[in-house]
Every structure is written in structure tokens, then in C-alpha cells.
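What follows is one structure encoded as C-alpha cells, with my remarks underneath.
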Amino acid sequence: MVKTYRLVIVALFLGLFACQTKHVSFTESDIQIIPKPAEVTLQEGGFAFSESTQFVVSDETQKVISEALLAKFQKAAGWTPSVTNSAPSKNYVQFITANELAEEAYKLEVTSNHINISASANAGFIYGLETVRQLLPVAIESPEVVSNIDWVIPNVLIQDQPRFKWRGLMLDLSRHFFGKEYLKKTIDRLAMHKMNVLHLHLVDDQGWRIEIKKYPKLTEVGAWRVDQEHLAWNARLATKPGEKGTYGGFLTQEELKELVAYAKTKNVEIVPEIEMPAHVTSAIASYPEYSCLEKPVGVPSGGLWPITDIYCAGKDSTFEFLQDILTEVMAIFPSKYIHIGGDEATKTNWKTCPHCQKRMKTEGLHDVEALQSYFVKRMEKFINAHGKKLIGWDEILEGGLAPDATVMSWRGVKGGVEAAKQGHDVVMTPGTHCYFDHYQGPQSYEPLAWGGFTPLSKVYTFDPVVDTMTPEEAKHVLGGQANLWAEFIPTEAQSEYMIYPRLAALSETVWSPKELRNWEDFSSRISTMFKRYKQLGINYAKSAYLVTSEAKVNIEEKVVDVVLKNEFPSADIRYTIDGSEVNASSEKYMKPIKLTKTTRIRASLFDEEQPVGKAFDETIKFHKAVGKRVEYKEKYSDSYQGAGAFGMVNALRGSKNFHDGQWQAWIGKDMEVTIDLENEETIHQVTVGTLENQGPGIYFPIAVEVYVSNDGKTFEKTGQIERRYAENSKSELKEFTVSFTERKARYVKVKAINLKRAPNGGGTWLFVDEIIVD
Ligand code: TNX
């Protein structure tokens, strides 16, 4: 899978003089650029960077653009090429203005003598240099000097330009706060992937993150919440109004201006999002007068649903407040677009609020959707009057789209298709492919995430243009964007983990020509990108290297067939079934593994004879109840039926993905089942497999009790274990084992006691995947 830089250095000894020349030969597979350039022609030979290489610039901006690469040479090579204004005869990198090239396009000509980067504007120069960077050995990313590296790149002619003009990443700074330095790093990394929009979600219920001089309480109050980080997001307790918050933060206007200026040097536009009319509890906690009920509220520390405390659409003062805010926002961000959110407003208060009702009457609005549409249209007028364009989530379609609005389609592509039909521009960010808060590997091997499953290979299949669109409609698709909602992203390390490498896959879907899309080819290039990430100190996810399994059980014959898989094509998986560690000489996986007894399967993906990624380690446990009849006192919920009648005794275990089809669940009720072992068996313990994930209300049982019987009528209790409720912010699997002195029995009755009421007042789920009788 990995193609290493093959660099053949041949010393030629000629005639009387021992004259040393570098002869370099590269192959196509040495060009490992992401996103893949539109056209690449490889030529013989290469260009060698050295201390005497000169960067030829014709203005100050080109100099600034060059600085990042020059700094890399300083760090990794220990020397810096110099910068001049006129081209010497050889060994230089020159920027050439070529007006005929498209806005972000560049042409890169590398010869043994020099490098020319042509572009019509700075964006192209930036991308040309990013391509040069990715042609260089990975060592260029090293934070310290690496010796014995030939800083040579292949002679190539590259003509490249983006497929879409909007290539974005959204960061949610509200649910967890991320500061200026992290955002700067992210801007660098966006540029590395030739991405050009950083959408900042600056406002949400759980925190207001931008300084507004006219309304200081927005950050004095709204930027801080009571620290409940030790609890799962959706299990956090409601905050009382006025309760002092200690978790949070915000960006000052100075910091934001600095970021905007920095982003410009990387061709990244920062698009600010100021949510309205919903997702604004932080603002209402600061200024309750702009809501309908005007009642004091606290800044929520975690999940909040439905969102009913929204801005009042009846009072003119609300609009004045928002216009004042946007006036300050527009003075900070030169971006053409202002994002006004618009999603997920529960408009129940609007239905009874006298101000809203009056507004509906005077404006002739028939329902609250029309009132939201009025709200957005009124804001659009203001935004347009300041020479900017409004963009919002696809809910802004409801009740009628504002005349010039651009739609960001997140609930699938439907909203985007509809907007394009109506002649509006759209940015595609469907949850299915673009939500980086989703899992990227099997849940049991991944840190807690929002839900969903969006592995690298799935992101790679994203296409902002939908098949059913006419060419005219397709023209309205500005591009695509990844969204990282931050409910489950408490740290920068976790943010990086969710973004990379999925951003690399996304970058190719929005930059490269569609005809060049090739997963096999990408999966070879991504391993070089992994090496760059590593050098750059990025905490990227290695989930794509995970081995996953699928098991099928034949209940009658009691045989389990296990299939091992990986996302990459023709993956080299090796495994053992004797408990030993996997190594290069372990058996290569070729076909499903048949199991008839308890077996521990260990497996790993191999790359160049080395194991990569986390090892797969799972035990399929055969026990005395496998395939035996189970009687339920109270049937499991229709929503979680697991594998049906034999689900609890099929030898297959559930994962942390509670939708994986192995879990049976009860809400607010205990589990009580009786298993008929068909014959009297000698048994000594019973184990119940359970799951806890307090966010969505899943709690471990507070007790497990075991009873046995020989006639199925009179049962004798053999033991029980208890476990009190404890705070838990993670998702966790646990086995409850009740042991007893060996005895003979035909019937086993198992009770698991549900917690029934959660500390935040909600009902609780009890989840069970298997009852193991030994
Ligand atoms: C929906 S996507 C939201 C966000 C949440 C996200 C979680 C959108 C416009 N609204 O507020 O963070 O789901 O995935």
C-alpha cells in the first residue's frame, strides 16, 4: 500500500575527473498529492533544493506566501533558500502572473534548472507551493533537522484547478471552546488540503463565543457555563439562571481580526455564523428581553432539546439587537457570506406570544414557518444592504426562501436540491457524508462520538452535485463542507482525531475532477499523508486501519462464521485463533473463519509486513445456553429487538453501537428471562452482558439476580450482585457475573434490575446482549 520515495542516486565517474552528478529517477507512484491534481505529466529528472535556491517574488504578498515553505526548510533542512526580485540563471522558484488562468488555478513547471509557478492570483501561488510541499520528501514537515535527505522533487508539469469554489470545514466553538492558536493551525491544515472556507459556528445554546462591544453580557454571561464535563453531554443537569459558569471562553474582536488576516495569507475565508432564531439560549441567558417569555434562563451545560427559548420575532427590538450584532460582525469579517444559522427552531412560544401573533397578523403570515421566513428575509435585507450575502441551514427553505439566500443543506441533500431548483446557490453538507462528529470506525474501538457512521471510504464517495440535478441546477452548487459539531469534542486532540484523515478524503471530492476519483489510488496516497500528519504532530485517526468483523451464527448447528474486513481494497489481514499475538508470519485471512467452540480471534492489518492500526481482539464465546429457548417475562422494546428470539444466546456480542442488532432493551422496566437448557446441566456461573451510555439514557442494571430450577416451577436463588449508579461520561461495556457452587439445573432464571429514573429525571434504558451460562 505504501509507496516510498524511490530515489536512485548514481554517482558517475567520468574520464580523468571524478565528477559527481545526481541522477534522479521518479515514477508516477512517487507523486502522492492530496487532493489529486487535475493533470500531471511526469518528466525525467528532478529539481534539487539547496541553500542557494532562490525564491523570485514580484511583490510583498508573494514573499509572505513563500514564508511557510521557507520556514519548513529552515527547520527540517537547517538552511533557508533566499528571496530575491529577479531570476538568476538557475536554481530558483519563480512566481509568474498569468491572467488567463482561472481564479484559484495554478500551473507548476518543475525542471532540473528551475521551478515556475504560474497563477492569476495569490490563491494559485499558494496552491502551487502546497503542491511543491507535497512533492518534497515527508521529512520537510519535520520540526527538527533531518540529515541525509535529498530535497529533490520530480520534474513535472502540473495544471490544476478546483472543481468547486466552496471547500469548507465548519468548527463548532460553542459546544466546546477552541481558541486562536488552534484555529491558526487549522487554517494551515486547510490550506495544505487546498480547502478555502473556515466556517466558525460562534453561537449556540451552550456558549456565545464572539465579543460584541455593544452587548458585553453576551460574553460576560453567555460565554460561560457550569462545568459538568464529567457527565455525559445529554445527561447534564439543567443550569439555574444566574448560576456562575466556569467552563467557556470567547474570541475578542482583535483575535478574530488577526485570524482573518492570517487566513487570507492561506486563501482561507472565514465565514462567521451567528445563529438565529434558535440555538441561542446563551444569548437569552444574557438578554432575556429578546425572547418571547423574557424569563431568566441559564446557559445550558449540555444537551438541550427541544429548543423553545428562541428570539422573539414580534419585537422590533430583537431585530435592532441582531442588526447591531451583525454590524460588529461584518466589521470583523470581510467574507462575502454571513451565516445566520436558522436550524432546529421549536416555535411553540411564537404561537402564544402576543408580539409574534401581532406580527403575523400585520404581515399576513399564516403559520410560524412563515414567521421564521419573515425573520430571515428581514435579516437578509439588512445583510444585503451591507453588500453581503446571507447563507443559512436548510430550514430557511421552510415558509419560503429569502430572495437571494444561499442554502447549506445538512438534512441530506434534499434541501440543496430544492434550493437549486428555485435558482438559489447551495453548499452541500449532508450528514451522511460530511458530519465529522460521526464515528469513523467500529464504536467499541473509537472514542465516544455523536453517533452515525461515516468512515473514510464513505466520505470519499461524497459528491456535492446530485445525479438528479439538471446542468442548470448543478451550476448552483458552490461546493461542499465538512461539519464538526463539538458536543463530543472536548479537546483539540479529539478535534484533530475527527477531522484527519477525513478532511483529506473530502478535499479530493471538492477539488479534484470527478473522473479521477479512485479509492484504491487514494488509499495508497493517504498513507503518505499519514506520515505528514505524524511529522506535523496531528493526532489523526488510524481508524481506517481497523479490522472489522461480521459474524453469522447457525443456531441449529451451533457454528459461527466470522468474516474479517477492512476499508482498504485487497487489505492484507493476518490473524490467529489460538490466542497468540499476531505477527508477520500469522495466517493471512482469505475466507470466513468457521468456529465451533469458544475462540479468541486476534487480527491486524499489515502494511509492508508491519502491523498497522489497533489490533482486533474478540472472543466468540460458546456456552451452555447457546441456541436454547428463552422465555421473556416482559418482552424487549420494539426499538431494540437484538437478534430476535435467540438473540441473548447466539454467542455474538453487542458493540458500543447500540443499534448494531445485538442489543435487546427495556425502558423503565427490569429484564426477567428464563432459559431452558433442555437437559440438566452442571453449571457454576451466569454472566449478563450490558452497556452503559448515559447520554442517550442507557444505564447499567443496579442488580443482577440468578435463580435455578429443575422443573421450571420452583426456583432457588443462587446469587446476586449489585452495582450502585455512578456518574459516567463514557460509553462502556460491562459483564455482570454471578458465581455459585457447582450444581445441576435445567432452568436458569435471570433478572436484571433497571435503575428506572436518571438523576436528570429521565427514564432509563437497560441494555443486554447475551446471557452466558457456564
Ligand atoms: C444538528 S446540523 C445540528 C447541530 C448539532 C448536530 C449534531 C445543524 C444545522 N444542527 O446543532 O450539533 O445536529 O450532529
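Both ligands and their constituent atoms are indexed starting at 1 by order of listing. Bear in mind that the values here come from a model prediction, so they are computed numbers and not experimental data.
The protein heavy-atom contact nearest to atom 3 (C) of ligand 1 is Glu344 OE1, 3.4 Å. The protein non-hydrogen atom at the shortest distance from atom 13 (O) of ligand 1 is Trp410 CZ3, 4.1 Å. If you check which protein heavy atom lies closest to atom 14 (O) of ligand 1, you get Asp437 OD2, 2.7 Å. Protein heavy atom at the shortest distance from atom 8 (C) of ligand 1 is Asp343 OD2, 3.3 Å.
In this model, a donor atom of one side chain and an acceptor atom of the other lie less than 3.5 Å apart for Thr454 and His438. Counting only N and O atoms by type, the side chains of Tyr215 and Ser286 include no donor and acceptor under 3.5 Å apart. Between the side chains of Gln481 and Trp166, at least one donor-acceptor pair of N or O atoms lies under 3.5 Å. The closest side-chain donor-acceptor pair between Thr406 and Asp425, if any, does not fall under 3.5 angstrom.
Ring pair Trp765/Phe658: centre-to-centre distance not below 6.0 Å.
Proximity annotation for atom 2 (S) of ligand 1: of Tyr435, Phe488, Phe436, Trp393, Tyr435 comes nearest, heavy atoms only.
Within ligand 1, the atoms closer than 4.0 Å to a non-hydrogen atom of Glu487 are 5 (C), 7 (C), 12 (O), numbered from 1 in the order shown. Interface of His279 with ligand 1, defined as ligand atoms under 4.0 Å from a residue heavy atom, comprises 11 (O).
Geometrically, Arg378 engages Phe319 in a cation-pi contact defined by less than 6.0 Å to the ring centre and at most 45° from the axis.
Among pairs with a residue in residues 443-457, none fulfils salt bridge (Lys or Arg N to Asp or Glu O under 4.0 Å), at least two apart in sequence or across chains.
At a 3.5 angstrom cut-off on N or O pairs, Arg175 counts as close to ligand 1. For a threshold of 3.5 Å applied to N or O pairs, the pair formed by Asp204 and ligand 1 contains no separation below that value.
Proximity of Asp172 to ligand 1, defined as any heavy-atom pair under 4.0 Å, is not found for any part of the residue.
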